[in-house]
Amino acid sequence: MTTRDARPLLLVLRALGLGDLLTAVPALRGLRRGFPAHRLVLAAPAWLAPLVAAIEAVDDHLHVGELEPLPAELADRVAVAVDLHGSGPQSHALLTSLRPARLVAFAHPDVPASADGPAWDATEHEVARWCRLVRRAGCPADPADLAITPPPRSPTAMSAAGATVVHPGAKSGARRWPADRFAAVAAAEAATGRRVLLTGSPSERELATEVARRAGLGPEAVLAGALDLDGLAAVVAAADRVVCGDTGVAHLATAFGTPSVVLFGPTPPDAWGPPVDRRERHRVLWAGRTGDPLADEPFEGLLAIAPARVIAALGELPVNGGRHERHGG
């Protein structure tokens, strides 16, 4: 983080994951417009650095983990502190500990400094929620402003052109569709002549390998564990289509305009799915049931989605052209 900068400091907290960062892009750009003379510093995990830069709204990236204390040397130096992390009080307290001149946050009864903030709405779409907060602070935020610039294409990413990316993993078991079902979809895509690539983290490589084996694909189809965030983003941007659960990869597909089929459950798509005005490029599948998104076992509503339904949704996707437009910029 740059220390020699005379501009007033605008500190934004969003120390969460990939999908969380991408759903906050319109709010971050709104803050950039609303505070053009400030130095916008985003407090977020270090591993997100490639995409933080791609947002084109952040001056400095402060590397912090979820709900970790913020650097004490920032105390009394923050002109505006913005909580894009949550409803409080923990995240509010991290920011108020720095004694900012102004706090932009949702109102929480345990944090007096947030009293003039708007009320939290648990039913609100994640993108709309943060846009509403920063608009309250006088910043013009457009919920449609989700597109980011894709990273340069590596040879691996270039080979993904025209391919179907299948991402079988998810952070929790509740959001993880079974491997045999992903394999059925992957096999159907391969049968049409499409190249199929399986992505995931290093810990998901075994899962991706199992899906490939069940689908009759060779080891060259498995990219799980072989890509850093930049590489994953480039592959998603280059691909013809994406199939995944409610994960960060789904938000990458939205950000790059890559057509996708996203399986939801137990969280509804109205909360975390592609915005309705983007649904011409994306298909969301949901059984209409909600539950605990952090449970260990696949949610029953997710299991109600059959492979045939996913395969049919893939057949409805548009040709992958006209991507990467910026909206509301």
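In what follows, every heavy atom counts, from backbone to side chain, and hydrogens, waters and symmetry copies are set aside. A quick note: this is a predicted structure, and the numbers were derived from the prediction, not measured.
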Does the [X] side chain pair with the main chain of [Y], one donor and one acceptor, at a distance under 3.5 Å?
X      : Y      : result
His61  : Pro45  : yes
Arg205 : Gly225 : no
Thr96  : Arg99  : no
His92  : Phe106 : yes
Arg283 : Val262 : no
Arg241 : Leu314 : yes
Thr199 : Leu223 : no
Arg29  : Ile55  : yes
Arg39  : Pro8   : no
Arg135 : Gly138 : no

What residues, two or more places apart in sequence or in another chain, satisfy side chain to side chain donor-acceptor pair (under 3.5 Å) together with [X]?
X      : answer
Thr247 : none
Trp130 : Glu126
Arg213 : none
Asp110 : none

List in chain and number order the residues that pass ring pair (Phe, Tyr, Trp, His ring centres under 6.0 Å) with [X], two or more places apart in sequence or in another chain; answer none if no residue qualifies.
X      : result
His251 : Trp272
Trp286 : none
His125 : none

Using a 4.5 Å cut-off on heavy atoms from C-beta on, say whether the side chain of [Y] contacts that of [X].
X      : Y      : value
Leu207 : Arg176 : yes
Leu197 : Thr164 : no
Pro274 : Val284 : yes
Ile148 : Leu51  : yes
Ser114 : Leu103 : yes
Val104 : Asp83  : no
Val243 : Ser260 : no

Looking at [Y] and [X], is there a salt bridge between them, counting it only when a charged N and a carboxylate O are closer than 4.0 Å?
X      : Y      : answer
Asp121 : Arg132 : no
Asp59  : Arg7   : yes
Asp145 : Arg33  : yes
Glu189 : Arg195 : no

Pairs where residues 217-238 contributes a residue and the test side-chain hydrogen bond (donor to acceptor under 3.5 Å, both in side chains) is met, not counting sequence neighbours: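 Qualifying pairs, neighbours excluded: none.
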
Determine whether Leu16 and His85 satisfy the following criterion, side chain to side chain contact (heavy atoms under 4.5 Å, CB included), listing intermediate values before the conclusion. CA-CA 7 Å; Leu16 294 164; His85 192 93; 3.5 Å; yes

With a 3.5 Å cut-off and sequence neighbours excluded, list the donor-acceptor pairs that the side chains of residues 179-188 form with protein atoms.
| from | atom 1 | to | atom 2 | distance (Å) |
| --- | --- | --- | --- | --- |
| Arg181 | NH1 | Leu303 | O | 2.6 |
| Arg181 | NH1 | Ile305 | O | 2.9 |
| Arg181 | NH2 | Leu303 | O | 3.3 |

Got a sec, which hydrophobics cluster with Leu294, joining ILVMFWY side chains under 4.5 Å apart, including via others?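 The other cluster members (ILVMFWY side chains, heavy atoms under 4.5 Å, direct or chained): none.
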
Work out which heavy atom in [X] is nearest to a heavy atom in [Y]; give both atom names and the distance.
X     : Y     : value
Leu94 : Pro69 : CD2-CA, 3.9 Å
Arg14 : Leu84 : NH1-O, 2.5 Å
Leu13 : Leu70 : CD1-CD2, 4.4 Å

Partners of Glu300 by salt bridge (charged side-chain N to carboxylate O under 4.0 Å, His left out), sequence neighbours excluded?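 Salt bridge (charged side-chain N to carboxylate O under 4.0 Å, His left out) list for Glu300, sorted by chain: empty.
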
Please enumerate all residues that pass salt bridge (charged side-chain N to carboxylate O under 4.0 Å, His left out) together with Arg102, with sequence neighbours excluded.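 Arg102 satisfies salt bridge (charged side-chain N to carboxylate O under 4.0 Å, His left out) with no other residue.
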
Would one find more than 12 heavy atoms of other residues, nucleotides or ligands at under 6.0 Å from atom CD of Glu206?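 Result for CD/Glu206: open.
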
Assess whether atom CD of Glu68 is packed by more than 12 heavy atoms of other residues, nucleotides or ligands within 6.0 Å.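 Atom CD in Glu68 is crowded, with more than 12 foreign heavy atoms closer than 6.0 Å.
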
